[in-house]
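Chain letters run A, B, ... following the sequence lines, proteins first, then strands; residues in each count from 1. All of these numbers come straight from a predicted model, not from anything done at the bench. Just so it is clear, the values below take in all heavy atoms, side chains as well, and ignore hydrogens, waters and symmetry mates.
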Amino acid sequence: MTPTRRRLTFICLGFLSLLVASALALTAFEDTLVFFYSPSDIKEKSINTDKQIRIGGLVKSGSLRKSEDGILVRFEVTDLKHSIPAVYRGPLPDLFRENQGVVAEGHLSKGIFRAKTILAKHDENYMPKEVADSLKKAGKWKGENKN
Amino acid sequence: MDMYEQFIWSAYGATAILLVTLLAYSLFRYRIAQRQLDELVKNNREQGEKTSKVEKNS
Amino acid sequence: MHKFANPAQFTKIASRVLPWTSSFAAVCSLFGLYFGIFDSPADYQQGETVRIMYVHVPAAWMSLFIYSLMAAASASFLIWKHSLADIAARSLAPIGAAFTAITLITGALWGQPMWGTWWVWDARLTSVLVLFFLYLGYMALVNAFDDPEKGSKAAAGLALIGFVNVPIIKFSVDWWNTLHQPASLSRLDAPAIDISMLTPLLLMALGFKLLLISILIIKMRTILIEKRIEAKQLLKSG
């Protein structure tokens with residue numbers, strides 16, 4: 001083998017083994033790499049609920065209730081399979097709406113999630129309001145048949 | 001524009017400042033290097049002329 | 001390929017290309033800015049804040065694209081010993097670091113009004129921060145040795161190892177639950193981005209690419225000149 005060929009094989013093999021190693025490492029650490037659990041994860045996997053955790057999903061449509069002063073909020077986080085009721089006290093991000101993504105940080109007690117912070121999660125669709133409206137009218141809106 | 005105007009302008013401003021600084025710094029380094037090289041070439045030529053004169057005289 | 005890998009040939013081609021790339025970079029960015037700030041609609045959910053996308057997303061593409069170029073140049077330097085590949089990688093690092101910094105800053109400025117936070121440690125944001133430190137690590141390592149050849153080799157090794165991070169950034173939003181939303185443009189179904197918003201996005205992306213080529217040419221020519229100066233000074237003292 002010429003030195004060039006030797007270096008080429010060495011680098012290719014080295015990179016390949018590095019890829020395999022990092023793939024294995026990432027699979028092993030999968031549970032710590034997720035930013036939040038879905039309601040299904042909470043119901044189906046055994047997750048330590050004493051700790052502070054994050055749950056994420058959509059704000060279930062029709063579930064949002066605000067107290068009269070607007071400080072106390074009740075809603076349900078859903079992944080369209082399971083949903084978990086949540087309560088939160090404090091200011092909400094602007095994008096927090098029904099049918100929008102949400103990530104809540106807090107702890108679960110007696111089946112109710114007590115959120116300390118609320119983050120809004122937005123989706124990958126970008127369009128002007130008129131286009132969104134006409135899509136909804138034409139019945140081509142994906143968010144509509146989700147609930 | 002709505003209430004988030006300052007976020008938008010900060011984003012565009014930060015982008016512009018970083019990119020313009022990068023471009024200006026790169027051009028500045030290029031000018032300095034080019035000037036250094038020109039001087040070196042000039043000095044070498046002058047020295048070369050001197051040595052060739054010395055050689056002629058001797 | 002080997003014909004272009006010659007420094008004299010490179011300088012000749014580069015000086016002919018530079019006026020074109022730099023002027024088109026300015027034109028594309030100006031049109032992109034105009035459409036992005038003034039002549040594009042507000043988003044149905046995010047309102048005006050969506051305009052941050054027109055700098056954030058192209059800058060994020062650049063940060064990954066430049067790292068891939070840098071890794072390719074590093075590999076070709078290590079395997080074929082092309083000195084021009086080493087010069088290209090050295091020049092790419094600070095440009096990539098700048099675009100990654102822009103991605104992080106504009107991302108924070110977008111996250112605060114939309115998500116309600118400047119920063120979270122989710123898989124996407126964290127892996128982009130790692131990318132930024134890989135660029136900084138390359139820049140530190142390449143100048144850390146008295147023997148520049150040694151520095152180039154060590155930094156090229158780092159660039160190759162760090163390339164593992166590129167697919168992780170790209171697919172982090174699909175592999176794990178993240179606060180960051182998945183990619184809009186790689187989807188083939190349903191319109192993820194309306195055409196009126198796609199125009200400024202692609203114009204800015206093109207402007208950034210042309211700006212990259214222009215700055216890269218300037219930086220590579222600077223290093224080539226510095227090498228000539230060094231060679232002349234060695235000749236003089238020797």
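Atom CZ of A:F15 has more than 12 neighbouring heavy atoms from other residues, nucleotides or ligands inside a 6.0 Å radius. Surrounding OH of C:Y34 are at most 12 heavy atoms belonging to other residues, nucleotides or ligands under 6.0 Å away. Shown here is C:K150, whose NZ atom has no more than 12 heavy atoms of other residues, nucleotides or ligands within 6.0 Å.
Side-chain atoms of C:Q46 and A:H122 form a donor-acceptor pair, as typed in the model, at a separation below 3.5 Å.
With a 4.5 angstrom heavy-atom cutoff, A:S22 touches chain C only via side-chain atoms. Of the two parts of A:E130, neither the backbone nor the side chain holds a non-hydrogen atom closer than 4.5 Å to a non-hydrogen atom of chain C. Heavy atoms of A:P128 lying under 4.5 Å from chain C belong to its backbone as well as its side chain. Contacts between A:I118 and chain C at a heavy-atom distance below 4.5 Å involve the backbone alone (N, CA, C, O). For C:I161, the parts sitting under 4.5 Å from any heavy atom of chain A are the backbone and the side chain alike. Interface remark: A:L119 contributes backbone and side-chain atoms alike to the contact with chain C (heavy atom separation under 4.5 Å). Residue C:V164 touches chain A through both its backbone and its side chain, counting heavy-atom pairs closer than 4.5 Å.
Closest approach of C:A183 and A:E124 over heavy atoms only: O-CG, 3.8 Å. Across all non-hydrogen atoms, the minimal contact from C:Y44 to A:R97 is O-NH1, 4.4 Å.
Under a 3.5 Å cut-off, the side chain of A:R7 and the backbone N or O of C:W80 do not form any donor-acceptor pair. With hydrogens and angles ignored, the 3.5 Å screen pairs a side-chain donor or acceptor of A:K121 with a backbone N or O of C:T178.
Here C:P182 is the residue among C:P182, C:S196, C:G116 with the most heavy-atom pairs under 4.5 Å with chain A. Contact tally against chain C (heavy-atom pairs below 4.5 Å) for A:A23, A:P93, A:A120: the top residue is A:A120.
Side-chain contact between A:Y126 and C:S184 is present, with at least one heavy-atom pair separated by less than 4.5 Å. Within the 4.5 Å cutoff, the side chain of C:Q45 has heavy atoms near those of the A:L95 side chain.
Here C:W175 contributes atom CH2 and A:L26 contributes atom CG; the two are 7.0 Å apart, rounded to the nearest 0.5 Å. Interatomic distance, CG of A:L8 versus OG of C:S76, reported as 11.0 Å (0.5 Å rounding).
Contacts of C:N177 classified as side-chain contact (heavy atoms from CB on, under 4.5 Å), with partners at least two apart in sequence or in another chain: A:V34, A:F36, A:D41.
Heavy-atom proximity under 4.5 angstrom to chain A picks out C:M197 from residues 197-207 of chain C. At a heavy-atom cut-off of under 4.5 Å, chain C is reached by A:V103 from residues 103-117 of chain A, listed in order of number.
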Practice problem: Mind running side chain to side chain contact (heavy atoms under 4.5 Å, CB included) on A:F10 and C:I79 for me, showing each step along the way? | Solution: CA-CA 9 Å; A:F10 176 75; C:I79 297 169; over 6 Å; no
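Every pair passing side-chain hydrogen bond (donor to acceptor under 3.5 Å, both in side chains) that includes a residue from residues 80-93 of chain A is listed here, sequence neighbours excluded: A:E44-A:H82, A:E76-A:S83.
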